[in-house]
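What follows is a set of notes on a single structure, which appears directly below.
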Amino acid sequence: MTAEAASPELETLVRRAEHVIPREDLATRLERGKPLRVKLGLDPTAADVTLGWAVPLRKLRDFQDAGHLAVLIIGDFTARVGDPSGKSETRPQLTKEEVQGYAHSCLASLMDILSEDNLEVRYNSEWLEPMDMGDILRLTARYTVAQMLERDDFSKRYRGNRPISLVEFMYPLLQGYDSVAVAADVELGGTDQLFNLGVGRDLQRAYGQEPQVLMTLPLLEGLDGVQKMSQSLGNYVAIREEPEVMFGQLMSMPDGLVGRYALLATDMTPDEIAEVEAAARTGGPEAGRAKRRVAARVVAIYHGRAAALGAEAAFDRQFKDNQAPDEVPAAAIPPDAIDGVAVYLPRVLAELGLASSRGEARRLLSQGGVRVNGEQVTGEELPLDEVKGALLQVGKRRFVRLTA
RNA sequence: GGCGGGAUGCCCGAGUGGCCAAAGGGAGCGGCCUGUAAAGUCGCCGGCGAAUGCCUUCAGAGGUUCAAAUCCUCUUCCCGCCA
């Protein structure tokens with residue numbers, strides 16, 4: 001085997017990747033000059049596409065741009081099984097209807113990243129649903145319980161006396177079978193997918209195909225800076241989020257994440273990444289500026305440069321100058337909150353969704369978390385004409401304009 | 001199939017007859033501070049138009065008791081050991 005200098009194409013394609021296994025295979029397949037079938041499977045288990053998902057998706061786009069075929073697998077069947085990767089709990093099973101709804105909304109967002117060209121979209125229910133018991137037995141015969149238990153997440157749960165459903169053992173096999181069904185040359189995934197991707201490789205070999213190359217990409221941490229970005233944890237940024245909101249969400253990330261986001265969520269050059277990373281470490285206003293830079297770059301990818309500038313300006317108005325955002329949702333004062341000429345605020349807050357209950361609303365009031373036209377209000381009642389048309393604010397970022 | 005252990009609020013977890021809307025921690029929320037960061041600090045953290053008041057909550061269904069998260073019976077689910 002000759003260890004030739006990596007081609008520029010290979011260089012680009014493996015950028016940001018965590019593992020490429022086996023790397024030589026990718027090189028040789030590229031040398032053949034035929035477009036590769038590059039598989040990425042996504043389970044529609046939630047409605048949005050996050051910056052976390054965007055990491056492998058943007059890699060898939062790189063392959064498309066290099067002339068390869070993106071084989072996007074919508075895991076409408078596997079979503080119902082539930083991927084146990086990295087989870088310490090059994091995932092709740094979703095219904096077919098839920099999954100269809102998610103698939104529909106995800107697919108739209110996905111196309112913000114992927115190109116229409118060089119794209120094949122497949123639903124894995126196409127081949128998984130018709131499998132019969134014979135097919136399933138053939139599949140399950142390939143793997144042992146010990147192999148499954150080698151996986152960290154399974155063994156942890158096993159040792160910790162937590163349940164592991166048999167159906168969870170099926171998941172890697174089904175995902176692996178997808179690779180057989182679409183004859184993948186390369187499969188992309190997050191680092192937590194390494195085991196699953198490997199199963200695909202094994203199964204392809206067992207079914208007489210050339211085994212796929214595995215490429216994993218780093219998992220982007222969520223805004224909490226601790227756990228991976230996930231919709232169920234609520235620490236995510238959706239790629240379709242409004243520019244202003246997206247910018248604000250990104251500004252709330254811990255400093256330690258600036259470099260990670262620069263690397264994984266922007267198109268910054270290595271030099272730029274090093275710069276913002278250093279700035280974030282310096283701390284102080286310096287770090288704040290670095291974070292702004294990263295936030296603006298992310299917003300620009302999904303909404304364009306102009307929107308990014310606008311979002312930053314809006315951010316300053318709201319959080320530096322403490323002004324209400326330009327666009328504030330309007331709502332009528334709930335009629336049952338009005339008693340003659342008095343308005344009962346807890347009811348207003350609760351019914352408009354600014355507080356989860358009237359009790360919560362009362363707490364917010366008593367703690368000074370509620371403002372009417374910028375003035376802190378602590379009493380629970382206000383005269384009706386003071387409330388009509390007023391700007392109601394809870395905390396720093398929840399606003400409603402009350403219509404008269 | 002047998003024996004044993006377990007199921008508590010968003011999560012973890014204490015509580016084994018009244019003092020329990022239920023300790024403690026985490027997460028979250030609000031105030032101050034600040035770079036909407038971190039750290040810090042003060043407060044909140046089941047519901048009900050005020051309550052030392054009422055309602056709902058400790059897997060589910062029944063029962064004992066003046067009184068049950070706590071005791072009894074059955075059911076469901078989880079874990080372990082044995083087969």
Side-chain angles (χ1 to χ4, degrees), chain A residues 87-90 92-93 154 156-166 168 221-227 230 232-235 237 244-262 276-277 279-296 299 311-325 333-340 342-351 353-371 375-382 392-399:
Chain A
K87 297 263 172 17
S88 53
E89 297 288 332
T90 304
Q93 307 249 312
F154 282 145
K156 265 193 201 132
R157 277 158 67 180
Y158 192 65
R159 276 187 270 117
N161 291 352
R162 306 175 90 95
I164 303 171
S165 161
L166 279 181
E168 295 182 81
E221 290 82 357
L223 292 172
D224 57 14
V226 183
Q227 293 182 276
S230 112
S232 54
L233 295 172
N235 60 0
V237 179
E244 293 81 18
V245 178
M246 189 186 257
F247 189 90
Q249 286 176 335
L250 290 165
M251 285 304 286
S252 75
M253 79 170 90
D255 286 1
L257 247 45
V258 170
R260 289 289 284 176
Y261 274 66
V276 292
E277 229 170 359
R281 262 198 305 276
T282 307
E286 191 70 4
R289 277 194 290 274
K291 199 180 288 178
R292 276 168 183 268
R293 217 171 130 190
V294 171
V299 174
E312 186 163 3
F315 176 83
D316 284 339
R317 273 198 303 284
Q318 188 171 345
F319 296 106
K320 260 171 80 179
D321 310 332
N322 286 313
Q323 297 189 353
I333 303 170
D336 49 3
I338 303 171
D339 179 18
V343 174
Y344 185 67
L345 290 173
R347 196 148 200 155
V348 177
L349 293 167
E351 304 220 353
L354 293 169
S356 57
S357 70
R358 288 173 224 171
E360 167 75 14
R362 240 179 277 126
R363 273 174 235 132
L364 287 167
L365 280 161
S366 68
Q367 296 186 126
V370 178
R371 286 166 192 272
E375 295 294 319
Q376 229 173 44
V377 177
T378 47
E380 298 185 358
E381 282 186 13
L382 278 185
L392 187 60
Q393 176 182 1
V394 173
K396 282 179 197 143
R397 54 199 122 161
R398 280 171 280 171
F399 293 87

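For the numbers below, each heavy atom of this structure counts, side chains included, while hydrogens, waters and symmetry mates do not. Remember, it's a predicted structure, so these values are computed and weren't measured experimentally. In what follows, chains are A, B, ... by sequence order, proteins preceding strands, each numbered from 1.
Comparing atom distances between the A:Phe319 side chain and each of B:rA37, B:rU36, B:rG49 picks out B:rU36 as nearest. Comparing B:rG35, B:rU36, B:rC48 against the side chain of A:Ser357 picks out B:rC48 as the nearest.
Looking at residues two or more places apart in sequence or on another chain, you find a ring pair (Phe, Tyr, Trp, His ring centres under 6.0 Å) between A:Phe315 and A:Phe247, A:Phe319. Applying the side chain to side chain contact (heavy atoms under 4.5 Å, CB included) test to A:Pro254 and every residue at least two apart in sequence or in another chain returns A:Leu257. Taking the salt bridge (Lys or Arg N to Asp or Glu O under 4.0 Å) definition, one finds that A:Asp321 meets it with nothing, sequence neighbours left out. With sequence neighbours excluded, the residues satisfying salt bridge (Lys or Arg N to Asp or Glu O under 4.0 Å) with A:Arg317 are A:Asp326. Every residue was checked against the salt bridge (Lys or Arg N to Asp or Glu O under 4.0 Å) condition with A:Arg358, not counting sequence neighbours, and none meets it. Considering only residues two or more places apart in sequence or on other chains, A:Arg398 meets the salt bridge (Lys or Arg N to Asp or Glu O under 4.0 Å) condition with none of them.
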Filtered N/O pairs between nucleotides 50-53 of chain B and protein, under 3.5 Å:
from, atom 1, to, atom 2, distance (Å)
B:rA50, OP1, A:Arg362, NE, 3.4
B:rA50, OP1, A:Arg362, NH2, 2.9

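Along RNA chain B, the nucleotide nearest A:Ser252 and the nucleotide nearest A:Ala350 are compared for position; the residue whose nucleotide lies closer to the 5' end is A:Ser252. Comparing A:Gly359 and A:Phe247 against RNA chain B, the residue whose closest nucleotide sits nearer the 5' end is A:Phe247.
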Original post:
When you check every protein heavy atom under 4.0 Å of nucleotides 20-34 of chain B, what one-letter string (B, S, -) results, 5' to 3'?
Top reply: ---------SSSSBB
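Within 4.0 Å (heavy atoms only), A:Pro346 reaches no atom of the nucleic acid at all. A:Arg347 comes within contact range of at least one nucleobase, with a heavy-atom separation under 4.0 Å. Using a 4.0 Å heavy-atom criterion, one finds that A:Gly225 contacts no nucleic acid atom at all. Among the heavy atoms of the strands lying under 4.0 Å from A:Gly248 is at least one base atom, whether or not backbone atoms are also near. At the heavy-atom level, A:Lys320 lies nowhere under 4.0 Å from the strands shown. Within the 4.0 angstrom heavy-atom criterion, base atoms lie near A:Gly284.
Considering all non-hydrogen atoms of both residues, A:Asp224 and A:Val226 come closest at OD1-N, 2.9 Å.
One C1' atom belongs to B:rC20, the other to B:rU57, and the distance between them is 11 Å to the nearest Å.
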Let me have the donor-acceptor pairs involving side chains of residues 281-289 of chain A, under 3.5 Å, with sequence neighbours excluded, atom names and distances please.
from, atom 1, to, atom 2, distance (Å)
A:Thr282, OG1, A:Ala278, O, 2.9
A:Glu286, OE1, A:Arg289, NH2, 3.1

